Amino acid sequence: VLLRPRDGATLSAVAAAAYMSGDTALASLAAARAAALDPGTNGENLRLAALAAAANGEASAARAHLATLTEAFPGAASETA
């Protein structure tokens with residue numbers, strides 16, 4: 001992350017690792033940054049941002065990420081539910 005602070009794939013990997021290890025605050029932060037840089041080919045970074053925000057108790061942020069996912073990738077949102 002220090003060498004590639006604007007690399008969505010790196011931030012997404014950090015978010016996933018943090019989520020899996022139970023660090024929901026770091027997961028939410030990294031996933032939101034990853035989604036802002038690159039939503040992903042099928043919205044995977046937006047989906048991760050929504051899940052991480054929800055896990056961290058950030059309901060409004062989770063809904064915002066999900067709304068962006070639904071708007072940008074209509075088919076992808078139904079896979080999240």
Side-chain angles (χ1 to χ4, degrees):
V1 175
L2 293 174
L3 297 175
R4 296 177 146 173
R6 300 196 53 78
D7 182 12
T10 300
L11 288 166
S12 180
V14 168
Y19 183 86
M20 297 294 281
S21 70
D23 189 344
T24 58
L26 177 59
S28 181
L29 177 67
R33 288 186 182 174
L37 290 170
D38 176 14
T41 305
N42 299 308
E44 60 271 9
N45 287 345
L46 286 167
R47 184 181 297 111
L48 178 57
L51 292 171
N56 198 42
E58 303 169 35
S60 62
R63 282 192 288 276
H65 292 305
L66 188 57
T68 303
L69 176 66
T70 302
E71 183 177 315
F73 303 94
S78 62
E79 297 169 13
T80 304

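Remember, it's a predicted structure, so these values are computed and weren't measured experimentally.
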When you measure from the side chain of Ser12 to the backbone N and O of Gly8, does any donor-acceptor pair fall under 3.5 Å? no
Gap between atom [atom2] of [Y] and atom [atom1] of [X] - 0.5 Å precision:
X: Leu29; Y: Asp23; atom1: CG; atom2: CG; value: 9.5 Å
X: Asp7; Y: Leu11; atom1: CG; atom2: CG; value: 7.0 Å
X: Arg33; Y: Asn45; atom1: CZ; atom2: CG; value: 14.0 Å
X: Leu46; Y: Asp38; atom1: CG; atom2: CG; value: 9.0 Å
X: Arg47; Y: His65; atom1: CZ; atom2: NE2; value: 13.5 Å

Smallest separation among heavy atoms of [X] and [Y], with atom names:
X: Leu69; Y: Gly43; answer: CD1-O, 3.6 Å
X: Ala62; Y: Ala54; answer: CB-N, 3.7 Å
X: Leu48; Y: Ala16; answer: CD2-N, 4.1 Å
X: Ala49; Y: Ala31; answer: CA-CB, 3.5 Å

Hits for side chain to side chain donor-acceptor pair (under 3.5 Å) against Asn56, two or more places apart or cross-chain, chain-then-number order -> Thr24, Glu58
Same hydrophobic cluster for Tyr19 and Val14, using side-chain heavy-atom links shorter than 4.5 Å among ILVMFWY?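 In one cluster with Tyr19: Val14, no.
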Are Thr68 and Pro39 side-chain neighbours, meaning at least one heavy-atom pair lies under 4.5 Å?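 When only atoms from C-beta onward are counted, Pro39 and Thr68 do not touch, as no gap falls below 4.5 Å.
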